[in-house]
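The figures here come from the full heavy-atom set of this structure, side chains too, leaving out hydrogens, waters and symmetry mates.
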Amino acid sequence: MFGQVLSKLRKSIRRRGALGTVRHAAARLARPLLALAPGQRRMRRLKAERDRAFDERYGVDTGGVIPLDQLEIEGTTWEQGVPYWGIDPDEFARLLAALPARPEEFAFVDFGSGKGRAVLLAAGHPFRRIVGVEFAPELDRVARENLRTYRGEVKCRDIELVCGDALEFDLPPGPVVCYFYNPFEGEIMAGVVARITAAHRAAPRDVYVLYANPRHREVWDQSGCFEPVTVTGEFAVYRAVGSTPLASAGATGGGRAAVSAGGVNAQAPGSPGAW
C-alpha cells in the first residue's frame with residue numbers, strides 16, 4: 001500500500017513538480033469539505049429533486065452524484081476524473097442552442113457519458129449519429145438500460161455506447177460535435193484535446209466542441225487548433241480552425257419512441273490510460 005502511494009507521489013512530482021503536487025493533493029482533500037458547505041448542500045438538494053422529476057418522467061436512472069472512488073474502475077485514470085453528475089436538461093438545451101451548425105450533418109460524441117443523460121437529450125435532436133464514451137463499466141451498464149427504457153423523444157436512431165478510455169477513443173469519420181460536461185481534470189483533458197487535434201489534422205473536417213462547466217478552457221485555448229465561438233460563465237463553444245460556420249437549426253423530424261436495446265452497439269471495455 002505504501003509502495004503504491006510512493007509511486008504515485010513520484011509520478012505526480014515528475015509531472016507537476018513539488019508545488020503542483022501539493023496543490024493537487026490539497027484540492028483533492030478539500031472536495032469533501034466543500035460538499036458540506038450550506039450552499040453546496042442546498043444545490044445538491046435541488047439537483048436531487050430535478051433528477052427525480054426527470055427520471056420519473058422518462059423511466060430512467062440518470063440522477064445522483066457518484067464519486068469515482070466508489071466504482072470498480074481498473075487502473076488509475078479515475079484519479080483524474082470527477083464525480084458523475086448528470087447535466088441539467090435546461091443547461092443542455094442552452095448549450096446546444098449555441099451550436100452554430102445543423103445537427104443532422106454531425107455525429108455527436110459525449111466524452112464521459114456516465115449514465116447517459118446527455119446521450120438521451122441529444123437523441124431528441126436529429127444528429128447523424130450519437131456516441132457515448134464512458135470508462136466506468138458500472139455507469140455504462142446503467143446507460144445501456146436507460147437507452148432501453150427511455151420514454152422521451154428520439155430523432156436519432158444510430159446510437160452507440162462505448163465502454164472505454166477517452167484517451168484511446170477514435171473520432172468517427174465526418175463532421176463531429178464533441179461534448180464535455182467537465183468529465184476529467186486538466187491532464188486527461190489535454191490528452192483528449194491532443195488526440196482530437198491530431199485526428200482533425202489527419203482528416204480535416206468540421207469539428208465543434210460543446211464544453212459545459214469549462215474548468216479547463218486553457219487547454220482548448222492553447223491547442224493551436226480550436227478557436228472560441230461562444231463563451232459564457234456556464235459553457236464554452238469552440239470550433240476547429242477552418243470549420244464552416246452554419247446557421248443553427250432546432251430539432252426537427254423524428255417522433256416519440258423508445259430506443260430498443262438492439263439499437264445500441266456494444267463494444268468491449270477499453271484499457272484505462274495512465275494517471
With side chains defined as the heavy atoms from C-beta onward, is the minimum distance between F235 and T230 less than 4.5 Å?
-> yes
When rounded to the nearest 0.5 angstrom, what distance separates CG in L46 from CG in D88?
-> 10.5 Å
So if you build clusters from Ile, Leu, Val, Met, Phe, Trp, Tyr with side-chain heavy-atom gaps below 4.5 Å, do V229 and L99 land together?
-> yes
One should read off an interatomic distance between M189 CE and L167 CG, to the nearest 0.5 angstrom, of 10.5 Å
Between Y58 and Y150, how do the two ring planes meet: parallel, tilted or perpendicular, split at 30° and 60°?
-> tilted
Could you check F169 against V131 for side-chain contact (heavy atoms from CB on, under 4.5 Å), going step by step and ending with a plain yes or no?
-> CA-CA 11 Å; F169 177 75; V131 183; 3.9 Å; yes
Evaluate the ring planes of F180 and F111, with Trp represented by its six-membered ring, and classify them as parallel (under 30°), tilted (30 to 60°) or perpendicular (over 60°).
-> parallel
Charged N-O contact under 4.0 Å between E91 and R94 | no
Distance-minimising heavy-atom pair for E134 and D140 | CG-N, 4.1 Å
Exercise: identify the closest heavy-atom pair between G114 and A143 | O-CB, 3.5 Å
How about Y211 and Y179: are their ring centres within less than 6.0 Å of each other?
-> no
Looking only at heavy atoms, the pair that brings V193 and S223 closest together is CG1-CB, 3.8 Å
Would you please test D221 and Y238 for side-chain contact (heavy atoms from CB on, under 4.5 Å) and show each step?
-> CA-CA 9 Å; D221 292 336; Y238 290 86; 2.7 Å; yes
Decide yes or no for L95 and V237: does some side-chain heavy atom of the first lie under 4.5 Å from some side-chain heavy atom of the second?
-> yes
V119 side chain near L147 side chain, heavy-atom distance below 4.5 Å | yes
N213 side chain vs E234 backbone, donor-acceptor pair below 3.5 Å | no
Decide, yes or no, whether a salt bridge links K115 with D61 under the criterion of side-chain N to carboxylate O below 4.0 Å.
-> yes
Any salt bridge between E49 and R52, counting N to O under 4.0 Å?
-> no
When the ring planes of F108 and F127 are compared, do they come out parallel, tilted or perpendicular, using 30° and 60° as the limits?
-> tilted
With side chains defined as the heavy atoms from C-beta onward, is the minimum distance between V162 and E160 less than 4.5 Å?
-> yes
Check ion pair D90-R50 (N to O, under 4.0 angstrom) = yes
Nearest heavy-atom pair of C178 and V207: which atoms, and what distance?
-> SG-CG1, 4.1 Å
Hey, does the side chain of R239 reach the backbone of F226 with a donor-acceptor pair shorter than 3.5 angstrom?
-> no
Would you please test R148 and E145 for salt bridge (Lys or Arg N to Asp or Glu O under 4.0 Å) and show each step?
-> CA-CA 5 Å; R148 189 185 70 81; E145 178 64 14; 2.5 Å; yes
Heavy-atom side-chain proximity of D170 to R195 below 4.5 angstrom = yes
Identify the two heavy atoms, one from T149 and one from G59, that lie closest to each other, and give their separation to 0.1 Å.
-> OG1-O, 2.7 Å
Is T197 reaching over with its side chain to a backbone N or O of C225, donor-acceptor style, under 3.5 angstrom?
-> no
Side-chain touch F135/C163, heavy atoms, less than 4.5 angstrom | no
State whether a side-chain donor-acceptor pair under 3.5 Å links R117 with Y181.
-> no
Pairwise distance SG(C156) to CZ(F106) - rounded to 0.5 angstrom = 14.0 Å
With distance as the sole test, does R151 use its side chain to make a donor-acceptor pair with the main-chain N or O of R57 at under 3.5 Å?
-> yes
Would you check if I196 and W220 make a side-chain contact, meaning some heavy-atom pair closer than 4.5 Å?
-> yes
Could you grab the distance from atom OG1 of T62 to atom CG of N146, nearest 0.5 Å is fine?
-> 6.5 Å
Flag the pair V133 / D110 as yes when at least one side-chain heavy-atom distance between them is below 4.5 Å, and no otherwise.
-> no
If you measure from the Lys or Arg side-chain nitrogens to the Asp or Glu carboxylate oxygens, is any gap between E104 and R128 under 4.0 Å?
-> no
Under 3.5 Å: donor-acceptor pair, side chain of H200, backbone of R205 | yes
